[in-house]
Asks: 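The structure's right below; bear with me while I get my questions together.
By convention in this document, chain letters (A, B, ...) are assigned in the order of the sequence lines, proteins followed by strands, and residues within each chain are numbered from 1.
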Amino acid sequence: MIKLVPRGEQSSTMAYMSPVLAGLLTLFTGGIFFASLGLDPFHALGVFLIAPVSDLYGIAELCVKAAPIMLCAVGLAVAFKAQVWNIGAEGQLLMGGLVASAVALQFGEAEGFWILPCILISGMIGGGLWGLLAAWLKTRFNANEILTTIMFNYIALYLLLYFVHGALKDPDGYGFPESALFSDAATLPILLEDTRIHIGILFALFASVSIWVLMQRSFIGFQIKVLGADANAAKLAGFKHKYLVWIAMVISAALAGLAGASEVTGPIGQLIPSISPGYGYAAIIVAFLGRLNPIGILFASFLMALIYMGGELAQIELNLPLAVTALFQGMLLFYLLACDVLINFRIKLNSAAANNTATGN
Amino acid sequence: MDIDLITNILYAMVRTGTPLLIVALGEMVCEKSGVLNLGQEGMMLMGAVIGFIATLTTGSLLLGFILAILSGVIMSMLFAGIALGLNANQVATGLALTIFGTGLSAFIGADFVGQPIEGLNPYAIPFLSDIPLIGKMLFAQDLIVYLSFGLFAVIYWFFKSSRAGLTVKAVGENPHAANVIGLPVMRTRYLAVAFGGAMAGLAGGYLSLAYTPLWTENMTAGRGWIALALVVFATWRAERIILGAYLFGLASILNLVAQGLGYPVSPNLLAMMPYAATVLVLVMISSNVAKSKMHTPIWLGKPFHPGG
């Protein structure tokens with residue numbers, strides 16, 4: 001019989017080992033899973049995890065996918081630290097992309113270095129306001145933010161569909177639900193020729209550093225951490241609860257908005273119905289996997305981007321459905337949560353003999 | 001609006017509200033025991049895909065529904081093992097269940113998208129279904145709708161006047177006290193979670209076997225989440241869940257109403273309505289803090305470890 005014995009204090013080693021253990025278990029289960037489908041597990045895992053990044057183009061592509069995930073996840077880390085359960089990064093990303101596209105299309109063929117900043121900032125505002133709405137409903141009306149942000153994800157998606165089928169549709173696009181292609185002035189510069197890697201990855205790295213500084217070195221960061229750890233202590237210390245919830249939400253939502261704006265002005269280059277393959281949801285897993293810490297999130301984002309690419313390659317090479325990506329994502333989060341038990345508990349294996357002694361038989 | 005249109009709207013309202021009613025009743029039982037399972041969406045999707053594949057391959061609707069329920073239970077036990085057994089954060093574990101269920105169902109169902117089956121047909125009860133206006137709504141539905149009426153009645157009675165219902169409530173209100181007086185806290189919670197899973201599986205099966213007899217990826221379209229909001233809306237009371245489910249059913253079929261009235265509205269804006277309505281209702285209910293606190297199971301979402 002397995003028994004959980006409380007550790008007294010949290011094990012910090014386990015806090016860092018748990019994501020690694022979860023990754024290994026996911027890998028192992030993935031191997032079994034591939035084998036059960038009649039595939040050679042080593043070959044399949046190779047296709048899934050190594051082949052996508054075996055050349056420079058692949059590595060560049062990894063950065064392209066990691067950027068939006070990282071932007072969303074470092075933001076979510078701030079919200080989760082404050083115990084604000086923002087599940088709405090996906091919707092905030094979509095709103096960021098939608099607003100940024102609307103602005104980008106207004107500029108037409110105009111040129112100027114200021115165009116791109118305008119577009120990106122409007123994307124951040126679009127995403128930020130979408131998050132702020134949920135924060136307002138939470139602080140003013142006590143509405144559960146998990147449920148409101150999820151609903152806002154769906155509403156954002158339908159808003160995007162409404163505009164991409166309507167006002168923002170390319171009149172010369174043969175009826176396809178797509179906007180016109182953005183002009184060069186409204187497109188993010190490419191970092192490396194012949195790849196799709198654009199400066200969005202720099203935004204993500206910059207955001208990670210900024211969030212690290214904010215959380216470790218600023219009074220607001222300190223207040224957010226206290227609020228999350230002990231809401232009563234924060235109250236006693238006189239911290240403004242509503243204000244902190246708003247700050248946490250607006251930071252995470254604005255970064256998700258920036259992710260959306262970078263996607264439409266970066267690798268996509270126009271507004272289409274499917275601007276995100278669920279980056280906002282994947283970012284939730286990444287935030288947990290990275291221990292709500294910007295450095296951890298950096299690593300976790302690349303792992304998640306790799307899972308996305310592996311899923312695409314597995315579809316082509318192994319003839320597996322694309323959903324294998326989401327399957328691995330869910331599995332990873334499950335294992336992480338299960339392994340996290342080791343932070344607070346020690347596992348004790350009670351043999352039958354020990355049981356007998358304990359009960360005095 | 002003529003009477004036929006109203007009759008049809010009422011009929012569609014109940015039909016559309018039925019999956020919500022079933023999941024929400026299950027989640028309510030689960031939450032009453034103090035466990036918050038956010039994995040409804042994932043469990044519904046698994047129920048939908050497994051039920052569909054079972055019926056498609058065997059031709060038996062009964063088997064489809066049984067396996068749909070069973071897959072919901074298995075998924076819920078995955079949640080219970082991690083959230084209750086290993087004391088993990090319930091919010092995160094529930095989210096994981098939804099992400100996992102979404103992925104797994106899409107993976108399993110990839111080869112079955114769009115394949116046709118003979119779904120569960122409505123059965124009109126003689127005479128009763130001829131009653132004007134409400135006859136079709138209440139007595140010309142399919143068997144699962146009738147079953148959902150029964151489920152509602154049983155759960156209403158369960159919490160109103162059964163001893164077991166009292167145990168579930170006690171475990172949700174204060175597991176430590178319940179433990180002291182000898183109530184089986186963990187067993188009650190596992191059973192409550194399993195019941196929630198069974199209901200989610202059944203609701204998923206209803207979607208793919210009766211409501212729209214086919215399988216498409218993500219076909220639940222957020223119904224699991226709306227059901228979670230419904231439980232809050234209903235302040236953990238069955239009679240308000242049934243009301244809420246049908247109201248949301250109505251919000252989902254606004255396109256029918258709009259067509260009947262001759263309004264041309266964008267389908268995307270109409271599709272947004274149930275979600276917008278959910279937010280609106282959540283805000284209305286939650287803003288009365290004292291009242292919503294009064295009915296919330298006090299221990300909801302907090303872990304309980306018998307050893308410590």
Asks: For the candidates B:T102, B:N89, B:V91, which exhibits the highest count of non-hydrogen atom pairs separated by less than 4.5 Å from chain A?
Replies: B:V91
Asks: For B:L104, which atoms come within 4.5 Å of any heavy atom of chain A: side chain, backbone, both, or neither?
Replies: both
Asks: Quick one: which of B:P267, B:G222, B:G81 has the most heavy-atom pairs under 4.5 Å with chain A, could you say?
Replies: B:G222
Asks: So B:E41 and A:I150, do their side chains get closer than 4.5 Å, heavy atoms only?
Replies: no
Asks: Which pair of non-hydrogen atoms, one from B:L228 and one from A:L147, has the smallest distance, and what is that distance?
Replies: CB-CD2, 3.7 Å
Asks: To check you understand the geometry: which heavy-atom pair defines the closest contact between B:W225 and A:M151, and what is its length?
Replies: CB-CE, 3.6 Å
Asks: Is there a side-chain contact between A:N144 and B:V232 in this structure, where contact means two heavy atoms from C-beta onward sitting under 4.5 Å apart?
Replies: no
Asks: Can you list everything that forms a salt bridge (charged side-chain N to carboxylate O under 4.0 Å, His left out) with A:R291? Sequence neighbours excluded, please.
Replies: A:D340
Asks: Which atoms of B:A83 come close to chain A, meaning under 4.5 Å heavy atom to heavy atom: side chain ones, backbone ones, both, or neither?
Replies: neither
Asks: Less than 6.0 angstrom separating the ring centers of A:F33 and B:F107, yes or no?
Replies: yes
Asks: With a 4.5 angstrom heavy-atom cut-off, which part of A:I285 approaches chain B: side chain, backbone, both or neither?
Replies: side chain
Asks: Select all residues of residues 269-285 of chain B having any heavy atom within less than 4.5 Å of some heavy atom of chain A, and report them by number, or 'none'.
Replies: B:L269, B:A271, B:M272, B:Y275, B:A276, B:T278, B:V279, B:L282, B:V283
Asks: Mind checking which of residues 152-164 of chain A sit less than 4.5 Å from chain B, heavy atom to heavy atom?
Replies: A:F152, A:Y154, A:I155, A:Y158, A:L159, A:L161, A:Y162
Asks: Flag the one option from B:L95, B:I108, B:D111, B:L97 with the top tally of heavy-atom pairs under 4.5 Å to chain A.
Replies: B:L97
Asks: Is B:T93 in contact with chain A via its backbone, its side chain, both, or neither, using a 4.5 Å heavy-atom distance?
Replies: both
Asks: Which region of A:L337, side chain (C-beta onward) or backbone (N, CA, C, O), has a non-hydrogen atom less than 4.5 Å from a non-hydrogen atom of chain B, or is it both or neither?
Replies: both
Asks: How about B:R187: does its CZ atom have over 12 heavy atoms from other parts shown lying under 6.0 Å from it?
Replies: no
Asks: What residue in B:A88, B:A106, B:A92 has the most heavy-atom pairs under 4.5 Å with chain A?
Replies: B:A92
Asks: Measure A:L37 against the heavy atoms of chain B and call it side chain, backbone, both or neither at under 4.5 Å.
Replies: side chain
Asks: For residues 82-89 of chain A, which side-chain donor-acceptor pairs fall under 3.5 Å, sequence neighbours excluded?
Replies:
unit_1, atom_1, unit_2, atom_2, d
A:Q83, NE2, A:G228, O, 3.4
A:N86, OD1, A:G88, N, 2.8
A:N86, OD1, A:Q92, NE2, 3.2
A:N86, ND2, A:Q92, OE1, 3.2
A:N86, ND2, A:S252, OG, 3.0

Asks: For B:L38, is it the side chain, the backbone, both or neither that has a heavy atom under 4.5 Å from a heavy atom of chain A?
Replies: side chain
Asks: Would you compute the distance between atom OG of B:S287 and atom CZ of A:R140 and round it to the nearest 0.5 angstrom?
Replies: 8.0 Å
Asks: Against chain B, label A:L336 side chain, backbone, both or neither, depending on which of its atoms sit under 4.5 Å from a heavy atom there.
Replies: neither
Asks: Kindly indicate whether the side chain of A:L333, heavy atoms from C-beta on, has any atom under 4.5 Å from the side chain of B:I99.
Replies: yes
Asks: A:A323, A:A134, A:G278: which one forms the most heavy-atom pairs within less than 4.5 Å of chain B?
Replies: A:A323
